[in-house]
Each structure stands twice: as structure tokens, then as C-alpha cells.
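Per chain, numbering begins at 1; letters A, B, ... match sequence-line order.
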There are 4 protein chains.
Amino acid sequence: MAPRKKKQDDAPQPSSNAGGIAADQLRSFVDRIERLETEKKGIADDIKDVFTEAKGNGFDVPTMRLLLKLRKQKPHEREEQQSMLDLYLHAMGMAGEYTIAEQQGIDDASAGKVATDNPFLTDDPRHTQWATGWQMQTTLLATQDENQPAGA
Amino acid sequence: MAPRKKKQDDAPQPSSNAGGIAADQLRSFVDRIERLETEKKGIADDIKDVFTEAKGNGFDVPTMRLLLKLRKQKPHEREEQQSMLDLYLHAMGMAGEYTIAEQQGIDDASAGKVATDNPFLTDDPRHTQWATGWQMQTTLLATQDENQPAGA
Amino acid sequence: MAPRKKKQDDAPQPSSNAGGIAADQLRSFVDRIERLETEKKGIADDIKDVFTEAKGNGFDVPTMRLLLKLRKQKPHEREEQQSMLDLYLHAMGMAGEYTIAEQQGIDDASAGKVATDNPFLTDDPRHTQWATGWQMQTTLLATQDENQPAGA
Amino acid sequence: MAPRKKKQDDAPQPSSNAGGIAADQLRSFVDRIERLETEKKGIADDIKDVFTEAKGNGFDVPTMRLLLKLRKQKPHEREEQQSMLDLYLHAMGMAGEYTIAEQQGIDDASAGKVATDNPFLTDDPRHTQWATGWQMQTTLLATQDENQPAGA
DNA sequence: TTCGTCGATAC
DNA sequence: GTATCGACGAA
């Protein structure tokens with residue numbers, strides 16, 4: 001009941017619409033995607049080559065990957081994540097003691113001081129340490145405002 | 001300014017709340033997760049062992065994986081997916097011709113017949129072929145109702 | 001106990017070798033990689049756009065992905081994989097019966113016939129079916145030669 | 001050329017060896033794997049529940065994941081990785097200056113001192129800083145021995 | 001042992 | 001649905 005092979009395909013479009021579907025269109029999409037994937041693969045290979053070259057020059061590839069990852073994060077995010085991690089590490093007893101400047105940052109944040117109250121000059125290493133402590137405590141306080149951890 | 005080492009932690013809770021965070025609670029969560037992950041790893045290893053044993057008995061592991069994947073899908077989904085794929089393969093010219101029974105299923109679906117109109121007995125191979133063709137065409141028609149592919 | 005800030009850096013290379021490491025070289029590698037990753041991301045976005053467009057034209061994206069995957073495999077691999085899968089599906093009772101032509105391919109393979117002994121013309125649907133059965137049985141026999149499944 | 005349906009299956013083993021393959025054995029493997037995967041899934045769900053509960057108590061899940069990851073690494077690996085990263089961050093100009101104690105650790109490592117030459121008491125924050133600098137420089141020197149970066 | 005591919009999982 | 005991560009198999 002109906003001519004064989006390809007269904008109700010009465011229109012004589014050459015090779016188009018085969019099987020009732022927009023065959024040409026499908027082919028077009030598939031071709032475009034395959035072409036783009038080829039390009040993408042080429043670039044992925046290039047990246048791999050650069051890593052190989054770097055390795056040949058004595059660089060540690062996993063560390064480079066980590067470095068690239070950190071660069072993708074905005075400095076602010078990175079600091080916040082790091083502070084939170086420090087906080088958890090300390091809670092777990094997996095970190096050393098705080099440095100003096102870190103401790104001072106913590107205290108100052110508790111006392112309501114703001115980031116610009118950093119008492120150290122920017123080229124003093126303690127500047128960063130104070131900032132880390134301040135950030136850590138600020139993050140903690142913000143978290144505690146939003147949630148009520150057991151015991152709060 | 002403020003006693004050193006651990007912040008404003010005046011309450012003497014033993015090891016709790018260290019760093020201002022609910023340390024005991026954190027430790028508890030971490031322990032539970034690590035314990036569960038250990039169990040999970042054990043089971044993953046067991047699975048690996050079974051595959052290894054199967055391989056030693058001459059079975060092809062990738063094919064077994066594929067088989068397991070297919071079994072996860074409901075038969076209905078599998079058929080539908082397969083029909084759609086057949087449709088696309090035909091449109092791309094990547095498949096052989098339809099079998100006679102498939103073609104008949106296609107025509108019958110176009111003619112508005114329903115799944116139970118399958119003219120073949122269930123133990124006839126053409127039963128399945130007709131069903132595939134019918135399902136394929138039914139899927140196609142449903143798709144065309146929902147969308148207007150260019151040219152429709 | 002040595003001049004401060006940057007170690008044994010006696011050579012006056014400007015900004016190079018900072019920290020004893022080939023800093024300029026590292027920066028170069030990192031820059032190249034980041035540039036390539038940007039390009040790669042752009043292409044990935046283009047691919048996504050094509051899928052979105054195809055979807056808007058009524059195509060089923062998961063099926064297209066499957067289609068693309070199949071096209072990546074060489075036809076020979078695909079057939080072999082499919083035959084092996086059929087074999088396992090039959091063994092699990094998850095497949096319908098063999099078609100007549102498939103069965104004949106199985107028997108012919110068992111009888112030592114070769115692929116070119118296909119008794120059907122290439123435009124006959126049974127050509128493919130015979131080939132599938134032949135391939136399946138050939139694969140099975142090859143497997144049995146290599147291993148000794150229990151009972152062999 | 002032999003009665004149809006199931007090949008050269010002359011032995012009457014009930015449902016076994018169907019299709020020439022050790023069907024029962026295959027089914028057994030598949031069952032075992034599916035059972036194990038079910039268990040594995042259950043545990044994965046439990047883990048997810050714990051994370052959800054932790055989140056409900058104000059903990060940051062990504063940070064917890066990071067913490068768990070760090071705990072999986074041996075402390076030694078972690079230090080080494082961290083030192084290498086610091087080294088690269090400094091080279092890229094993405095880190096602050098070294099602390100005094102770090103710098104001293106760097107110098108001491110260059111001077112051939114060993115890890116136990118740490119001049120700070122273990123409860124002094126500078127103990128850790130010195131160790132980081134020492135480790136970093138030690139790692140660097142080891143790397144330079146193995147490779148010849150351009151310019152060495 | 002290292003690399004590349006593949007599947008799983010988290011966002 | 002996508003991108004990252006870890007695991008597995010191959011060389």
C-alpha cells in the first residue's frame with residue numbers, strides 16, 4: 001500500500017527530505033558540528049603540545065594546571081575560598097597555628113574593622129597575613145549570620 | 001588586643017567550636033563521609049573484580065558495559081531512542097535499506113494504524129521489524145506535530 | 001645570610017629567572033595555554049549554538065549526539081561491536097528471534113564460509129541481515145579460539 | 001542446513017549456552033554487577049545526604065570537598081605540591097613577597113642545610129614558614145638537577 | 001609506569 | 001546539559 005522503499009515521499013527533491021525528515025538540514029548540522037569538533041580537537045592537541053614542551057623544560061605539569069586554574073578565579077574568589085579552607089583546616093586541627101598578623105586580622109574583623117584598616121604597608125608580608133585573617137573571620141561572621149549552626 | 005591563639009573563644013568547650021566554627025560537627029560530617037567513601041570504594045573494587053573474572057572467562061568487557069547500560073533504560077525508552085536513531089541514520093544515508101516489514105510498519109503508521117495492528121505473529125521476526133518501522137514513523141509524525149521543520 | 005628578597009640571583013636579567021625559576025619562560029607557556037583555551041572555549045560555544053539551532057528546527061539533540069558518536073567509529077568497528085552486543089542480548093534473552101537471513105549467516109559462518117559468500121544482492125535488505133549474522137558468529141568463533149569459556 | 005532457530009545447539013542444556021555463548025555465566029556476571037551497582041548507588045546517595053545536611057548546618061560544601069581531597073593526600077605530597085605552587089606563583093608575580101622566615105628557609109636550603117636545621121620552635125608560626133621556604137627551594141634545586149631549563 | 005580515553009559526578 | 005575529575009585500559 002504505497003510505493004516502496006522511501007515512504008510517502010512524493011516530491012522529487014533529490015535526496016532531500018529522505019525518510020520524511022529534513023535530511024539535507026540534518027546533514028548540514030552534522031557537518032558543521034564535525035568540522036567544529038575537528039578544530040576543537042586540533043586546539044586541544046596544541047595545548048597538549050605546549051604542556052609537553054614545558055615539561056621538557058623542567059616544569060611540573062600538574063602544578064602548571066593548578067596555576068592555570070587559580071588564574072581563572074578572580075582574586076577575590078580565590079581569597080574567599082582560601083580563607084574558608086583555612087578556617088576548616090584549623091577546625092579540623094590540620095593546620096599550624098595562626099601567625100601573629102593573621103590573628104590580629106581575625107581580632108580586628110571581630111571588632112568590626114574594615115578591610116582598609118589593615119595596619120601593615122602593602123609591601124610588608126604581614127599585610128597579606130592580616131588580610132587573610134580578616135577575610136577568614138569576616139567570612140565566618142557572614143556565614144553565621146545566614147545560618148544558625150547548632151549551638152549558636 | 002585580646003587573648004592570643006584562638007579568637008574570642010572564651011567558653012571552655014573542650015575542642016568544640018574551635019576557631020569559632022562548630023568544629024566537632026565538621027569533624028563528624030567529615031568522618032561520616034570518609035567512612036561512606038571507603039565503603040563505596042570497596043564496592044567499586046568488587047565490581048572491578050567481577051569484570052576481571054568475566055574477562056578471564058572470555059567475555060568482552062566493553063560489550064558487557066554496553067549491555068548493562070541498555071538494561072538500565074526502560075525497554076520503551078530504548079525502542080524510542082533506537083527508532084529515532086534509525087530515522088537519522090537513514091536520513092544520513094548511513095543505514096541499509098528498510099526491510100519489507102519495516103517499510104510496512106512505516107506505511108501503516110502513516111495510515112493511522114496503531115501498534116496492535118501488527119500483522120505478524122510475535123514469534124515471527126517480522127513482528128519486531130514491523131514494530132520498529134511503526135515506532136519510527138510514529139515518532140517522526142509526533143515530532144513533526146510539535147515542530148515545524150523548514151519546509152513543512 | 002645572603003642578600004635579601006630574591007635568592008642567588010646575581011645575573012641582572014630583567015625580571016627573568018625570578019625566584020631561581022625561568023619566570024619568563026613560565027609566563028610564556030601560561031600565556032600560550034590560556035590563549036589556546038580561549039579559542040577552544042569559543043569553538044565549544046559555537047558547537048553548542050549549532051545544537052541549539054538544530055533543536056529549534058525540531059531535531060532531537062541526544063540522538064544527534066549518538067549519531068555523531070557512531071560516525072566517529074569506523075564502520076567495521078561499529079559492526080563488530082554491534083554483532084557482539086546482539087550476541088550478548090540474545091544470550092540474555094533481551095532480543096527477539098533471529099531473522100531468517102541472520103540465521104543463515106550464522107550457519108554459513110559456522111560452515112566456514114567467508115564474507116563474500118553473502119547470497120543476497122547488496123540492495124536486498126537480507127544482505128545486511130546475513131552479514132550481521134555472519135559477523136556475529138565469526139566474532140563468536142574467534143573469541144572461542146582465544147579463550148576457553150567454561151564448557152568449551 | 002540443520003534445523004533452525006538456535007544454531008548448532010544440539011545439547012539440551014536448559015537455557016544454557018544459548019547462541020553458542022555461556023549464557024548462564026553471562027547472566028550471573030550481569031546480575032552480580034547490577035547488584036553491586038545498586039549498593040554503590042545507595043552509598044553515593046547517603047554521601048549526598050550528608051553533604052545536604054552539612055549545608056543545612058551552615059557549612060560550605062565545595063570547601064568541604066576540598067578539605068576531603070586534601071586529607072586524601074599524604075601530608076608530604078601536599079607540602080611538596082604547595083611549595084611548587086608557591087614557587088610558580090612567585091615566578092608569575094601572583095603572590096606577595098616572601099615572609100622573612102620563608103626567605104630564610106630558602107637561603108638555608110641553598111646553603112645546604114637540612115630540614116631539621118629549622119631554627120624556630122615548632123609552636124612558632126615561623127617554623128612553618130621556614131619549612132615552606134626550605135621545601136620550596138629544595139624542590140627547585142632537585143628539579144634543576146634533573147632537568148636543564150633554558151639558561152641553566 | 002605513563003598516557004589517553006572513557007565514564008561518573010558535580011555544578 | 002555541560003565541564004571537570006577520577007578511573008580504567010593500553011602502550
| remark: Taken to the nearest whole Å, CG/B:D60 to P/F:dC8 is 18 Å

| request: Using a 4.0 Å cut-off on protein heavy atoms (strictly under), produce a 5'-to-3' string for nucleotides 5-11 of chain E with B for base contact, S for backbone-only sugar-phosphate contact, and - for none. | output: -----SS

| task | Starting from P on F:dG1, measure out to CD1 on A:I33 and report it in whole angstrom. | result | 14 Å

| request: Quick one: list whatever passes side-chain hydrogen bond (donor to acceptor under 3.5 Å, both in side chains) with C:E53, sequence neighbours left out. | output: A:R32

| request: Rounded to the nearest angstrom, tell me the gap between atom CG in C:D49 and atom C1' in F:dG1. | output: 14 Å

| note | Taken in chain and number order and not counting sequence neighbours, the residues that satisfy side-chain hydrogen bond (donor to acceptor under 3.5 Å, both in side chains) with A:D45 are A:K41

| request: Not counting sequence neighbours, which residues clear salt bridge (Lys or Arg N to Asp or Glu O under 4.0 Å) with A:K48? List them please. | output: none

With a cut-off of 3.5 Å and sequence neighbours excluded, list every side-chain donor-acceptor pair involving residues 62-72 of chain B.
residue: B:T63; atom: OG1; partner: B:D60; partner atom: OD2; Å: 2.6
residue: B:T63; atom: OG1; partner: C:Q81; partner atom: NE2; Å: 3.1
residue: B:R71; atom: NE; partner: D:E34; partner atom: OE2; Å: 2.7
residue: B:R71; atom: NH2; partner: D:E34; partner atom: OE1; Å: 3.2

| said: Please enumerate all residues that pass salt bridge (Lys or Arg N to Asp or Glu O under 4.0 Å) together with D:D46, with sequence neighbours excluded. | reply: none

